[in-house]
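Contents: one structure, followed by commentary.
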Amino acid sequence: MKEVEHGIIITADNARVEVLHFSPTVVRVRIDRSELKPDFSYAVIRQPAGNFKKITDKRDSLVLITDSLQVIIMKKPLRIKFLTPGGTLISGDYQNFSLSWQGTEITCYKKMFPDEKFIGLGEKTGPLNRRGNAYINWNTDIPGYSYRQDPLYVSIPFFIGTHDDVSYGIFLDNSFETKFNFGASTDDEFSSFSATDGEMNYYFFGAKNIPGIIRDYTWITGRMELPPYWSLGYQQCRWSYYPEPEVLDLANSFREKKIPCDVIYLDIHYMDNYKVFTWNKDRFPDPTSMISKLNALGFHLVTIIDPGIKIEKGYMNYDEGIKNDCFVKYPDGNLYVGSVWPGRCHFPDFTNPKVREWWGRSFTALTVPGVEGFWNDMNEPSAWGQSIPDIVSFDFDGHHSTLAEAHNVYGLNMSRATFEGTKQLLNNKRPFVLTRAAYAGIQRYSAVWTGDNTATEDDLMMAVRMVNSLGVSGVSFTGPDMGGFIGTPTNELFARWMSIGVFTPFLRNHAEINSRHKEPWSFGEEVEEISRQWINKRYRLLPYIYSAFYESTQTGMPVARTLAINYPRDEKIYENDFQNEYFFGGEILVAPVSGDKSICKVYLPAGDWFRMSNDRYYNGRSEATVDCPLDDLPVFVRSGGIIPLQSVIQNTSEKPSPVLEIHVYNGKVPNSFTYYEDDGITYNYKTGQFCRRVISFDPVKKSIIIGKAEGSFASRYTVFRLVLHDFGDIMGVKVNGKDVTLKLKTSKQRFLETALTSEATEITY
Ligand code: MIG
């Protein structure tokens with residue numbers, strides 16, 4: 001054993017082991033057969049820091065202590081265990097075998113506890129509790145994927161285990177193909193994770209609860225930046241809207257029909273022969289004027305981008321790429337050629353910083369005419385045949401590697417190049433970046449959509465779990481193709497999907513080429529009206545949703561949160577019927593249900609709950625049978641819940657009414673909500689131009705306080721309407737000490753209105 005900065009290195013019989021301190025709750029373990037290689041990661045943005053409080057070298061073990069953890073390393077045979085300060089085992093190597101190499105593949109085996117559950121691993125289908133299942137991470141273009149299909153487009157080798165009264169996280173930071181086995185095909189003795197090459201390199205997260213583990217994981221891999229406000233609105237996509245008059249017609253239809261919408265997408269047909277960074281001049285003769293018309297109608301334009309660069313002399317991006325040596329090659333120096341939409345292509349080496357810069361600069365072709373959103377597709381990477389040879393070489397930021405290691409981080413680095421480049425080009429405006437393929441840490445650069453799903457009820461439920469699982473794994477801004485990309489949804493499925501979409505961080509309707517039209521008015525008048533009502537609701541909720549995104553930027557807490565984050569010990573939430581339930585932000589519980597049901601069973605965890613649509617009260621820790629017509633998804637608010645709402649607007653550049661509604665639901669437990677607002681467009685919030693205030697409800701003191709505004713941004717709202725749910729006929733209501741009378745809204749709701757200033761306001765009753 002050797003003490004080094006931040007930790008220790010052990011030379012065992014067959015292995016080198018390094019254990020480093022990142023924080024009292026984050027410890028990293030690296031193991032290899034020989035000398036550890038120079039350290040490098042695309043996911044991690046932190047360095048080891050601080051040190052163990054105490055390191056004790058005993059005869060048969062080593063004990064490393066932090067304020068929150070004990071790491072015990074047994075010497076012969078080598079076994080690593082993580083315990084609480086009080087000595088409870090949180091996670092530890094399996095007693096019979098702990099590490100194995102088979103060829104280059106290294107596997108780590110951990111003891112599995114009788115009641116242990118596993119959640120996370122990012123974009124995966126299958127159940128919420130992953131116990132009994134095994135998964136592979138190898139980014140894959142897989143149109144029409146089915147339930148339990150694996151692997152998919154995204155690799156996030158991070159999961160959370162929870163058993164007894166402890167939880168922990170493990171992040172295997174290795175971008176080769178990785179495998180996770182949570183007791184599949186074994187006798188429930190151990191779980192394991194493997195990397196097909198490279199070193200065993202994992203971070204152990206030992207924070208007390210799951211929100212703390214997510215906070216630490218996103219401290220290590222980074223958090224999202226605030227997205228443009230418009231990207232939280234409703235988005236309309238199709239493969240493909242063209243030519244220009246069709247795009248403008250589409251925009252006008254939304255306005256005429258009064259269905260709110262903020263974003264229109266152009267899929268691959270806007271390009272000249274599918275060449276990225278070009279425009280098809282026949283279909284889009286004057287993108288600048290088209291985009292300014294769209295902007296005038298309150299729309300933002302997002303265009304698709306593929307990595308493959310067409311081999312064609314005279315095509316600027318090809319010529320530049322060749323000249324600057326931007327494309328990946330075989331080991332013999334010959335350029336790799338793969339065929340995709342444009343035909344034969346070369347592929348940029350996004351693991352080369354010089355190439356990322358070049359790629360970033362190329363976006364002028366899109367940003368100059370006014371495009372503000374960039375949709376990164378096919379970046380698994382995908383080429384016809386779906387099997388690019390592993391030997392293709394990559395720069396790997398100077399560390400030199402091959403596709404075997406670069407494949408899973410290709411999409412991450414493409415998204416990074418896109419984000420960093422467009423951020424510079426947009427002069428202080430926030431770009432919106434969307435990607436299909438990703439690796440851990442993607443939240444720093446891009447939103448993720450869940451690829452080519454199908455219009456089935458199963459896909460709807462699967463999408464909910466995928467979004468929730470991505471959320472646990474650090475990625476907040478996610479959603480599926482609403483309505484299903486492939487196939488035709490029934491009217492019921494479409495309407496239901498729309499309602500669940502309202503409570504999905506990323507809300508985009510998308511459809512395959514040659515499929516039936518799927519705009520909200522394509523399913524008859526009834527579905528059109530239901531869709532309008534749901535999208536209206538999304539826009540009413542935007543102040544709440546934006547505050548939830550703000551929370552993600554601060555703590556990593558996802559916007560869509562499986563109940564397992566807050567109720568890991570409640571067995572019910574893992575049951576088939578209830579595993580899809582989640583919180584949307586901190587206050588709203590969504591119980592997704594398929595479109596073919598009009599009555600369903602929901603489970604409400606500890607606490608008390610109100611159905612949002614009718615204020616009906618429900619006791620927690622109980623099942624309830626509720627009706628769920630297509631215009632009334634089962635959505636509940638926690639008692640004590642605080643929800644800010646605005647008036648319906650048709651797009652986010654429209655000024656809402658100056659009235660901010662603050663809904664407070666009666667309860668016994670104090671609650672607080674951090675409200676956040678800024679211009680939604682620029683980075684001026686970084687210099688203090690935001691408006692943040694804490695709204696708190698204390699049922700014991702009988703007071704509601706709209707806290708003093710912090711920051712220099714002048715809120716869009718100048719009046720607040722406090723809507724009290726289920727407070728009954730309360731008397732003696734005072735605003736800052738002055739008597740007021742409440743007005744009746746419904747039998748369960750009373751309200752008052754008063755000026756919203758930057759000062760604090762206290763309401764007592
Ligand atoms: O080979 O650009 O997942 O959203 O519409 C298919 C056409 C390429 C796959 C994406 C999908 C997109 C489609 N793309």
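Whatever order the structure lists ligands and atoms in, that order sets their numbers, starting from 1.
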Original post:
Between Y242 and F284, is the ring centre distance below 6.0 Å?
Top reply: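 Distance test on ring centres: not under 6.0 Å, no.
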Subject >> Qualifying residue, where the test is side-chain hydrogen bond (donor to acceptor under 3.5 Å, both in side chains) with Y439 and the options are N139, N137, D173, N413 >> reply: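 With Y439 as partner, N139, N137, D173, N413 yield a single side-chain hydrogen bond (donor to acceptor under 3.5 Å, both in side chains), made by D173.
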Subject >> Whether over 12 other heavy atoms sit under 6.0 Å from E225 CD >> reply: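 Yes, because the 6.0 Å sphere around CD of E225 holds more than 12 heavy atoms from other groups.
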Subject >> Gap between atom CZ of R436 and atom OG of S446 - 0.5 Å precision >> reply: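 Result: 13.0 Å between the selected atoms.
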Can you produce the list of protein nitrogen or oxygen atoms under 3.5 Å from a nitrogen or oxygen of ligand 1, alongside each distance?
residue, atom, partner, partner atom, Å
ligand 1, 1 (O), W341, NE1, 3.0
ligand 1, 2 (O), D267, OD1, 2.6
ligand 1, 3 (O), R436, NH1, 2.9
ligand 1, 3 (O), D452, OD1, 2.5
ligand 1, 3 (O), D452, OD2, 3.4
ligand 1, 4 (O), H510, NE2, 2.9
ligand 1, 5 (O), D267, OD2, 2.5
ligand 1, 5 (O), H510, NE2, 2.9
ligand 1, 14 (N), D377, OD2, 2.7

Subject >> Stepwise ring-ring contact (aromatic ring centres under 6.0 Å, His included) test for F158 and Y217 >> reply: CA-CA 9 Å; F158 168 70; Y217 170 73; 3.9 Å; yes
Subject >> Results of side chain to side chain donor-acceptor pair (under 3.5 Å) for Y265 - residues two or more places apart only >> reply: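 Q235.
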